[in-house]
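It should be emphasised that the depicted structure is a prediction, and the values quoted were computed from it without experimental measurement. Below, chain A is the first sequence line, B the second, and so on; all start at residue 1.
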Protein chains: 2
Amino acid sequence: MDTTATLRGFNRTYTQRIGALEESFLGTGRPLGASRLLFEIGPDGAGVRELRDRLGLDSGYLTRLLRRLDGDGLVRVDADPADRRRRVATLTTAGLRAWQELDDRSEELAQRLVAPLTERQRVRLAEALATADLLVRAATIQLREVAPDDPAAADAAGRYFAELARRFPGGFDPGDPDHAGTFLLATSAGRPVAYGGVRELDGDLRGVGEIKRMWVDEAWRGAGLGARMLRELEALARRLGHDRVVLDTNGTLTEAIAMYERAGYRAIPRYNDNPYAEAWFEKDLSPGPRPA
Amino acid sequence: MDTTATLRGFNRTYTQRIGALEESFLGTGRPLGASRLLFEIGPDGAGVRELRDRLGLDSGYLTRLLRRLDGDGLVRVDADPADRRRRVATLTTAGLRAWQELDDRSEELAQRLVAPLTERQRVRLAEALATADLLVRAATIQLREVAPDDPAAADAAGRYFAELARRFPGGFDPGDPDHAGTFLLATSAGRPVAYGGVRELDGDLRGVGEIKRMWVDEAWRGAGLGARMLRELEALARRLGHDRVVLDTNGTLTEAIAMYERAGYRAIPRYNDNPYAEAWFEKDLSPGPRPA
DNA sequence: CCCACTCTCTGACTAAAGTCAGAGAATGGA
DNA sequence: TCCATTCTCTGACTTTAGTCAGAGAGTGGG
């Protein structure tokens with residue numbers, strides 16, 4: 001099956017059959033941009049900065065859209081107490097009602113779309129869309145380098161440690177984690193979904209890179225995000241001047257071990273005194289092709 | 001799995017990750033509407049009327065868009081020799097080049113999107129999208145009543161007869177087909193994809209409806225379009241005052257027979273002298289719930 | 001050869017969407 | 001306490017998209 005041809009064919013179908021419908025459905029009474037904004041603010045409110053990023057709007061334009069919703073009594077915009085340069089938009093009671101109406105309409109549209117299908121076909125459609133959703137999200141998410149003290153990185157590290165504590169039979173105590181190294185992070189809707197880092201070892205292994213804290217959110221597994229993270233960490237290690245990387249892991253993390261093996265890692269003897277480590281791997285980077 | 005929630009979740013992902021990207025990709029140099037139009041005209045050209053339907057544009061607006069493309073030397077608009085009220089847009093050499101560039105860009109976008117995925121994941125994505133594409137198209141296609149002498153209906157009947165001729169061991173000769181009855185037709189991009197009709201029987205079976213020429217294009221099978229056609233034909237038969245429908249079929253058409261049985265049809269003895277018929281079915285419509 | 005109808009085009013608009021430069025308040029480190 | 005930086009807002013625009021009411025050419029059936 002030709003992937004790009006299928007994708008392009010689907011794009012066509014989607015634009016014509018769903019996209020157009022959605023616009024006509026949601027843009028009633030209010031311009032579409034204003035509806036989208038209202039929907040995006042949502043019952044929990046949202047920062048102006050965040051809205052700008054999520055919707056890709058010019059700051060002046062967003063200000064005006066917000067003022068308009070404010071004028072209609074749907075939204076209030078206040079300074080963020082934590083940082084008074086930032087502003088936060090929240091829905092008023094009327095705004096909440098309008099939001100609910102949009103949500104209902106969106107649900108109705110979805111209902112109407114699947115109405116001609118039988119139950120079995122709906123299940124098939126839902127499965128196909130869930131798969132496509134996961135893969136598209138995993139393919140389009142950006143891995144970015146973060147400072148060790150970035151709050152999102154700390155959040156990700158916390159989630160990583162929590163998972164180890166859950167999965168290791170004897171629990172897991174990170175002690176006083178040192179944050180040495182360079183870390184990559186992928187976030188979605190402000191929450192970390194994948195995380196990992198490289199640091200340089202010292203002593204006998206001086207010059208060798210160690211891959212640390214590889215973690216992918218459970219909801220995002222099965223779409224190759226772990227493998228992608230590993231590839232990008234290897235590329236990062238190369239940029240940092242390492243031509244060999246090592247890592248340690250625990251026997252409970254079977255999927256991770258399988259992934260390392262698929263990625264060309266070979267088991268080696270213990271190289272550190274990590275009490276939780278039960279398996280050690282290495283990979284020679286020097287002859288590898290440069291990644292795209 | 002909750003179908004509408006999955007669908008809505010996918011919509012979100014799609015709009016953010018693909019839709020936005022596509023707009024920024026295709027709308028370079030030219031407004032997006034003009035690009036879309038140029039792309040839609042395509043190397044083979046297209047009638048203005050057809051473009052209006054496909055893109056959902058106001059006729060005045062389309063005229064102006066075309067004039068603009070004409071002014072840029074990309075498109076020529078001439079009267080259709082067959083009906084000089086109609087006009088036909090064709091690409092000039094420069095227009096063809098611009099079209100090719102759009103096509104390349106669209107392909108590049110698709111490539112880029114799937115680039116982070118492994119081959120296995122690409123196959124999974126392509127399969128999921130192909131399934132979703134078929135189901136969405138089948139769910140959103142409109143079945144419309146057509147006059148028996150509608151050229152699209154004649155086209156569909158021709159395709160139906162051709163398939164019978166291919167599948168029946170001894171071939172099939174429609175003889176001089178009578179066009180009595182009311183027919184439903186679904187078309188996509190101007191070509192018939194599903195077809196079928198109801199006519200009233202006479203003689204002993206006066207008052208009974210007969211379902212005729214049920215046909216679904218091969219590329220559209222497996223998405224319940226046949227079952228939907230059958231349901232709508234039954235609804236049509238009810239509206240025409242029949243509380244019982246019958247139909248005949250050939251033993252070679254095993255999928256059709258399975259579908260009739262799933263839809264509640266029961267085998268009955270031969271009720272007509274159709275030489276190609278090998279099985280006869282009936283369904284009582286009176287107590288059935290009205291379809292949506 | 002009428003006449004109702006189809007199809008496209010023109011003129012005259014309006015609304016929505018987006019852009020850009022720069023002002024002003026607030027913040028966080030040096 | 002500076003000062004560079006971040007964030008939002010304002011003013012002054014342009015472009016894109018879309019709407020609506022007719023005019024005028026062409027068509028097909030009676």
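Side-chain atoms of A:Ser59 stay outside donor-acceptor range of the base of D:dC7, with no qualifying N/O pair under 3.5 Å. Contact of B:Arg87 with C:dT8 (side chain to base): no donor-acceptor pair of N or O atoms is detected under 3.5 Å. Side-chain to base pairing of B:Arg85 with D:dG24: no donor and acceptor N or O lie closer than 3.5 Å to each other.
Atom CD of A:Glu50 is separated from atom C1' of D:dT8 by 16 Å (rounded to the nearest Å). Between B:Asp80 atom CG and D:dG26 atom P the separation is 13 Å, expressed in whole Å. Per the geometry, CZ belonging to B:Arg68 stands 17 Å off P belonging to C:dC9, to the nearest Å. Nucleotide D:dT19 holds its P atom 13 Å from the CG atom of B:Leu62, rounded to whole Å. Residue A:Asp78 contributes atom CG, which lies 18 Å from atom P of D:dC7 at whole-angstrom precision. Rounded to an integer number of Å, the gap from A:Leu32 CG to D:dT16 P is 19 Å. Whole-Å rounding puts the B:Leu66 CG to C:dC7 C1' distance at 13 Å. Here the P atom of nucleotide C:dA16 and the CG atom of A:Leu65 are 11 Å apart, to the nearest Å.
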Item checked: Trace of the salt bridge (Lys or Arg N to Asp or Glu O under 4.0 Å) decision for B:Asp80 with B:Arg87 -> CA-CA 5 Å; B:Asp80 180 344; B:Arg87 311 203 74 199; over 6 Å; no
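Taking only side-chain atoms of A:Pro31, from C-beta outward, the nucleotide of C:dC9, D:dT8, C:dA16 with the closest atom is C:dA16.
Distances shown here put every side-chain N or O of A:Arg86 at or beyond 4.0 Å from the OP1 or OP2 atom of C:dA25. Applying the 4.0 Å criterion to OP1 and OP2 of C:dC7, one finds that B:Arg84 has every side-chain N and O outside that range.
Take A:Glu210 and apply the side chain to side chain donor-acceptor pair (under 3.5 Å) test, not counting sequence neighbours, and it matches A:Arg199, A:Tyr271.
Heavy-atom nearest nucleotides on DNA chain C were determined for A:Arg64 and for B:Tyr61, and the one closer to the 5' end corresponds to B:Tyr61. Judged by closest nucleotide on DNA chain D, B:Leu57 is the one of B:Leu57 and B:Ala82 placed further toward the 5' end. Across the interface with DNA chain D, nearest-nucleotide mapping of A:Glu23 and A:Val48 shows A:Val48 to be the residue nearer the 5′ end. Each of B:Asp83 and A:Ala34 was assigned the nucleotide of DNA chain C with the nearest heavy atom; the assignment lying further toward the 5' end belongs to B:Asp83.
Within 4.0 Å (heavy atoms only), A:Gly33 reaches sugar-phosphate atoms of the nucleic acid but no base atom. A:Arg30 comes within 4.0 angstrom of no nucleic acid atom, judged by non-hydrogen atoms across all strands. If you check every strand for non-hydrogen atoms under 4.0 Å, B:Arg36 touches nothing. Counting any heavy atom pair closer than 4.0 Å across all strands shown, A:Asp58 reaches a base atom.
Side-chain atoms of B:Trp215 do not come within 3.5 Å of backbone N or O of B:Tyr195 as any donor-acceptor pair. Panel note: side chain B:Ser106, backbone B:Leu102; no donor-acceptor pair is recorded below 3.5 Å. Using modelled atom types, no side-chain atom of B:Thr4 and backbone atom of A:Gln111 make a donor-acceptor pair closer than 3.5 Å.
Side-chain contact between A:Val88 and A:Val77 is absent, with no heavy-atom pair separated by less than 4.5 Å.
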